[in-house]
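In listed order, ligands and their atoms are each counted from 1. Predicted model, so just to flag it, every value in this text is computed and none were measured.
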Amino acid sequence: MKILRTKKAASATSAAWRRDGQSVALVPTMGYLHDGHLSLVRIAKKRADRVVVSVFVNPTQFGPNEDFERYPRDEKRDFALLRKAGVDAVFAPTPEEMYGREGATVSLSESALSTVMCGAQRPGHFAGVMQVCLKLFNIVRPDVAVFGEKDAQQLAVLRRMARDLDVPVKLVGAPLVREGDGLALSSRNTYLSPEERKRALALSSALATAENDWREGRCDDARRAVASIRRRIAKAADSVDYVVAVDKDTLEPVERLRPGVLIALAARFGKTRLIDNHILR
Ligand code: AMP
């Protein structure tokens, strides 16, 4: 597995593969890898001849009072996991390599898709996500990029960006991976105390209950479903940021539950903000 530290090396490596007629998949991550990230790698391997994983805690998507400094990092472990998973190259630049000494001056402005849900609580977050992903796409020029449905809003925002700006990459969504007891895998789970982790199970169980009630014909009223999820998680969480039922592509609120509806939520346990969601199929 190649370890690439510079944009030049990442571009050259990918360009050489493409010259040889090989397709390239990119999996962007912020590292501190878990099975959710590795499931994206498996999908990427099926979709392309070569897989590049980026490991970069992107400063521009963190707000001033967020956890950029304390975000968990373990490069050695990440690289060992990626090597074992059969990744061809890891791109792990420093912020200075990525943005230059002066930082970036051009940014992408947010739209209706990026100012709701997580975007309402984290102003500028999705502008930073779009910025870093567009840079990664331009550096690596992948045929395919794989993103988790764990971050369903991120996927919707990036699909829209790729469409609006004619970015020549195919975005592939990967199913959300959970622990055996239902907790959505996240690098931020490491912040949770055992007691907070136990309470956090309310998120996945409230989503599962809503899915069951819908599937068995007990509730297809979106407002009622959202209210019932909110009630359940409010009992367990220290605060609830949002619960919504929206179309998974437009993120517009829906009245009735149906396949393609994204039920998404964010809640806080102690200092940790967790997101979870379920897409009705
Ligand atoms: P992150 O390192 O948190 O920026 O995540 C990198 C990629 O992994 C994103 O596309 C995430 O959506 C995806 N991801 C994170 N957690 C999960 C999960 N539990 N299941 C599936 N994909 C995930």
Side-chain angles (χ1 to χ4, degrees), residues 25-47 51-63 66-68 70-75 77-79 81-82 85 87 90-93 95 98 114 117-119 122 125-137 140 142 144-159 161-162 169-192 197 200-201 203-204 207-208 248 262 264-266 272-279:
L26 171 69
V27 181
T29 80
M30 298 205 298
Y32 213 72
L33 303 177
H34 50 63
D35 284 344
H37 297 112
L38 297 177
S39 77
L40 270 48
V41 169
R42 283 193 291 277
I43 291 172
K45 283 177 69 106
K46 283 195 197 131
R47 295 283 188 141
V51 175
V52 180
V53 174
S54 59
V55 173
F56 180 60
V57 184
N58 173 39
T60 72
Q61 70 190 68
F62 286 79
E66 292 184 354
D67 57 345
F68 174 69
R70 74 172 185 131
Y71 195 83
R73 293 162 169 92
D74 190 344
E75 198 178 82
R77 179 174 167 275
D78 287 347
F79 290 2
L81 287 170
L82 294 175
V87 165
V90 51
F91 176 42
M98 205 55 176
S114 47
M117 298 161 60
C118 286
R122 305 184 68 189
H125 169 68
F126 288 112
V129 168
M130 288 190 286
Q131 180 184 48
V132 76
C133 287
L134 188 54
K135 282 168 74 70
L136 288 169
F137 296 157
V140 178
V144 179
V146 186
F147 291 89
E149 287 174 352
K150 159 86 190 325
D151 298 272
Q153 183 174 15
Q154 169 172 281
L155 184 55
V157 166
L158 291 173
R159 278 195 202 285
M161 176 193 78
V169 61
K170 182 173 172 47
L171 300 193
V172 173
L176 195 161
V177 179
R178 298 180 180 282
E179 304 259 22
D181 59 7
L183 185 68
L185 286 176
S186 164
S187 308
R188 290 190 169 98
N189 290 349
T190 166
Y191 299 152
L192 297 169
R197 193 193 174 289
L201 294 177
L203 305 183
S204 51
L207 289 167
K248 75 174 174 57
L262 162 72
L265 57 84
T272 308
R273 181 175 181 277
L274 296 181
I275 57 171
D276 200 347
N277 73 68
H278 182 69
I279 299 174

Asks: Kindly indicate whether a cation-pi arrangement holds for Arg73 with Phe68, taking the cut-offs as under 6.0 Å to the six-membered ring centre and within 45° of the axis.
Replies: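 Here Arg73 passes the 6.0 Å and 45° test against Phe68.
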
Asks: Would you list the pairs meeting side chain to side chain donor-acceptor pair (under 3.5 Å) in which at least one residue belongs to residues 145-155, sequence neighbours left out?
Replies: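 Applying side chain to side chain donor-acceptor pair (under 3.5 Å) to every pair that reaches into residues 145-155, excluding sequence neighbours, yields Glu149-Arg281.
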
Asks: Applying side chain to side chain donor-acceptor pair (under 3.5 Å), name anything that partners Arg42, two or more places apart in sequence or on another chain.
Replies: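 In terms of side chain to side chain donor-acceptor pair (under 3.5 Å), with neighbours along the sequence ignored, Arg42 is linked to no residue.
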
Asks: Below 3.5 Å only, please: the N or O atoms of ligand 1 paired with protein N or O atoms, distance on each line.
Replies:
from     : atom 1 : to     : atom 2 : distance (Å)
ligand 1 : 2 (O)  : Met30  : N      : 2.9
ligand 1 : 2 (O)  : His37  : NE2    : 2.9
ligand 1 : 5 (O)  : His37  : NE2    : 3.4
ligand 1 : 10 (O) : Gly148 : N      : 2.8
ligand 1 : 12 (O) : Gly148 : N      : 3.2
ligand 1 : 12 (O) : Gly148 : O      : 3.2
ligand 1 : 12 (O) : Asp151 : OD2    : 2.6
ligand 1 : 16 (N) : Leu185 : O      : 3.4
ligand 1 : 19 (N) : Val177 : O      : 2.9
ligand 1 : 19 (N) : Leu185 : O      : 2.9
ligand 1 : 20 (N) : Val177 : N      : 2.8

Asks: Once side chain to side chain donor-acceptor pair (under 3.5 Å) is applied, do any residues pair with Arg188, and if so which ones, sequence neighbours excluded?
Replies: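 Asp67.
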
Asks: Looking at Tyr191, does the NZ or CZ of Arg197 lie under 6.0 angstrom from its six-membered ring centre and within 45 degrees of the ring axis?
Replies: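 The answer is no; the distance or angle limit is not met.
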
Asks: Is there a side-chain contact between Met30 and Tyr71 in this structure, where contact means two heavy atoms from C-beta onward sitting under 4.5 Å apart?
Replies: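 In contact.
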
